[in-house]
Amino acid sequence: MSRLSGTVCASLVRRQLKSHRRRESNLSQRVKAAIPWILSLAIVGYVLLSLDLEQLQSDIMMADMGRLVGIVATFTLIVFVVDTATLAVLFRRLITPVSYKEVLAVKGVSYFFNAINYSAGSGAIALFLKKKRGVPFLQGVSALLWLNFVDVLVLLAMLAVGVGLSGELLPSEQREGLPYVMAIGMAVAAGALIYWQIGFDFFFLGRLRNWRIFQAFREARWSDYGHLMLYRGLFIGLYVLMNWLTLPCFDLHISFVALLVYTPLLTFIQIVPLSVSGLGAIQVAMAILYGHYLGGGPDIEARVYAFSFVIGPLTALIRIVLGYFFMTNVARDFIPEAKEIAAAAHEEDSNR
């Protein structure tokens, strides 16, 4: 009887320990998820406290909002079409044949999920490949991760061209430090290409080739890099053009060549996971870069902040509306839930 009691007690203790670890893990995940929001809200709060809010409101009211909404809506649709074409090329070259119509639907759904969480949007695309084509979940995630690397290559190339043409447009602090940052970024990118394409192991890194998450890096050829870089160059170039057309809505006139420098810098800030989609940090960076180009001053600073606080939410809202259209009218047979994405990821992790 005592042995039975001891076994029951031990089982209860183990259950309590597992439950406690799960609670600690959930708490840790919630804290990690909250940190970017805290940083974003802290930066935005600091900016708002340091600005003349009446001037900020006046600049927003004086902006040509009708033209702004029209330009952003038009470019959101164009970007959506080009982004879909890019994904279709990516899947056909590295994974499996898919139709443009299929990718159009899943990309539209991902726009809706991206508004909640970027990883959820990527997970929805990977789950589409798993459900419709039987592609392992991690293989789809690997292709999207490789596409992010291609984006970095394109941004570095665009930044190098922009700095070469008009590096003097940067504030002195950024102009002095940027070449070193670019050199480090290009060295890392070149090392990655040498590792994956030429096969040089860099001592102990050879084991990474066996990881399923890097399958796309192993299989991508030089021609794949060339094709996708052309598509992503067009994709990012559309954002440069959109900024060039929308800035005058706030009476901000910045040359296209200057935006070849500024847009890659702002994009890198946006993708650094220290805040929510760069919220707060992106506004401060715009004020520094655009303000320097336009000569500075409180009026210019307020106008730049007005633009930055409007353009981001407006673009996100239009993308949500577009994504909702696909959620309700096009992709009713494919609306993945968060638990489906998590289950697929867990299944792949357990099979590695």
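One finds the CE atom of Met182 at 11.0 Å from the CG atom of Leu155 (value rounded to the nearest 0.5 Å). To the nearest 0.5 Å, the span separating CG on Leu322 from CG on Leu317 amounts to 11.5 Å. A distance of 12.0 Å separates CD1 of Ile282 from CZ of Phe309, quoted to the nearest 0.5 Å. Atoms CG and CG, on Leu129 and Leu144 in that order, are 7.5 Å from each other to the nearest 0.5 Å. Here OG1 of Thr263 is found 5.0 Å from CG of Asn243. Values are rounded to the nearest 0.5 Å. Distance check: Phe75 CZ to Leu241 CG gives 3.5 Å after rounding to the nearest 0.5 Å.
Summarising the geometry of Thr76 relative to Val72, their closest heavy-atom pair is OG1-O, 2.6 Å, with the distance given to 0.1 Å. Between Arg218 and Trp196 the shortest heavy-atom distance is CG-CZ3, 3.5 Å. Looking at every heavy atom in both residues, Ile318 comes nearest to Val69 through CD1-O, 4.4 Å. The two atoms that bring Leu153 and Ala189 nearest to each other are CD2-CB, 3.5 Å, heavy atoms only. Taking every heavy atom of both residues into account, Leu245 and Ile71 meet most closely at O-CD1, 3.6 Å. Nearest heavy atom pair, residue Leu68 against residue Phe250, reads CD2-CE1, 3.8 Å.
Two residues are said to be in side-chain contact when any heavy atoms from C-beta on lie closer than 4.5 Å; Val135 and Phe128 fail this criterion. Proximity of Phe235 to Leu228: side-chain heavy atoms (C-beta onward) are nowhere separated by under 4.5 Å. Side chains of Met286 and Leu266 form a contact here, defined as non-hydrogen atoms less than 4.5 Å apart. Residues Phe149 and Leu193 form a side-chain contact, since some pair of their non-hydrogen atoms from C-beta on lies under 4.5 Å apart. Side-chain contact check for Ile311 versus Leu247: every heavy-atom pair is 4.5 Å or farther apart. Counting heavy atoms from C-beta on, the side chains of Met229 and Asp151 never come closer than 4.5 Å. Here the side chains of Val304 and Ile300 are in contact, with some heavy-atom distance below 4.5 Å. For the pair Leu147 and Thr86, the minimum side-chain heavy-atom distance is below 4.5 Å.
Ring orientation note: the planes of Trp244 and Phe256 are nearly perpendicular, at an angle over 60° on the 30°/60° scale. Ring geometry for Tyr225 against Trp146 counts as perpendicular: the plane angle is over 60°, on a 0 to 90° scale with 30° as the lower cut. The aromatic rings of Tyr293 and Tyr262 lie perpendicular to each other, with more than 60° between the two planes, well past the 30° mark.
Side chains of Arg93 and Ser223: a donor-acceptor N/O pair is present below 3.5 angstrom, by distance only.
Judged by distance alone, the side chain of Arg303 and the main-chain N or O of Leu252 form no donor-acceptor pair under 3.5 Å. Judged purely by atom type and a 3.5 angstrom limit, Arg212 has no side-chain atom pairing as donor or acceptor with the backbone of Gln139. A side-chain donor-acceptor contact under 3.5 Å links Arg133 to the backbone of Pro97. Remark: the backbone N or O of Ala216 is paired with a side-chain donor or acceptor of Ser142 at under 3.5 angstrom. Under a 3.5 Å cut-off, the side chain of Thr74 and the backbone N or O of Gly70 do form a donor-acceptor pair.
Cluster membership check: Leu87 shares its hydrophobic cluster with Ile78, using side-chain heavy-atom separations under 4.5 Å among Ile, Leu, Val, Met, Phe, Trp and Tyr. Under the 4.5 Å side-chain heavy-atom criterion for ILVMFWY residues, no single connected hydrophobic cluster contains both Val103 and Leu230. Hydrophobic clustering places Val257 together with Val161 (ILVMFWY residues linked when any side-chain heavy atoms are closer than 4.5 Å, directly or through intermediates).
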Intermediate values then yes/no, side chain to side chain contact (heavy atoms under 4.5 Å, CB included), Tyr100 and Val81: CA-CA 10 Å; Tyr100 184 85; Val81 170; 3.3 Å; yes
Side chain to side chain contact (heavy atoms under 4.5 Å, CB included) between Phe217 and Leu145, intermediate numbers included: CA-CA 9 Å; Phe217 290 80; Leu145 181 62; 4.0 Å; yes
From CA spacing to verdict: side chain to side chain contact (heavy atoms under 4.5 Å, CB included), Met65, Val310: CA-CA 10 Å; Met65 297 301 293; Val310 170; 3.8 Å; yes
Leu138 vs Trp211, side chain to side chain contact (heavy atoms under 4.5 Å, CB included): CA-CA, chis, key distance, verdict: CA-CA 10 Å; Leu138 273 185; Trp211 293 12; over 6 Å; no
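Note that Arg209 lies in the cation-pi zone of Tyr195, set by a 6.0 Å cut-off to the ring centre and a 45° limit from the axis.
Annotation for Gln197: atom CD counts as buried by contact number, over 12 foreign heavy atoms lying within 6.0 Å.
Not counting sequence neighbours, the partners of Phe80 by the ring-ring contact (aromatic ring centres under 6.0 Å, His included) test are Tyr111, Phe326.
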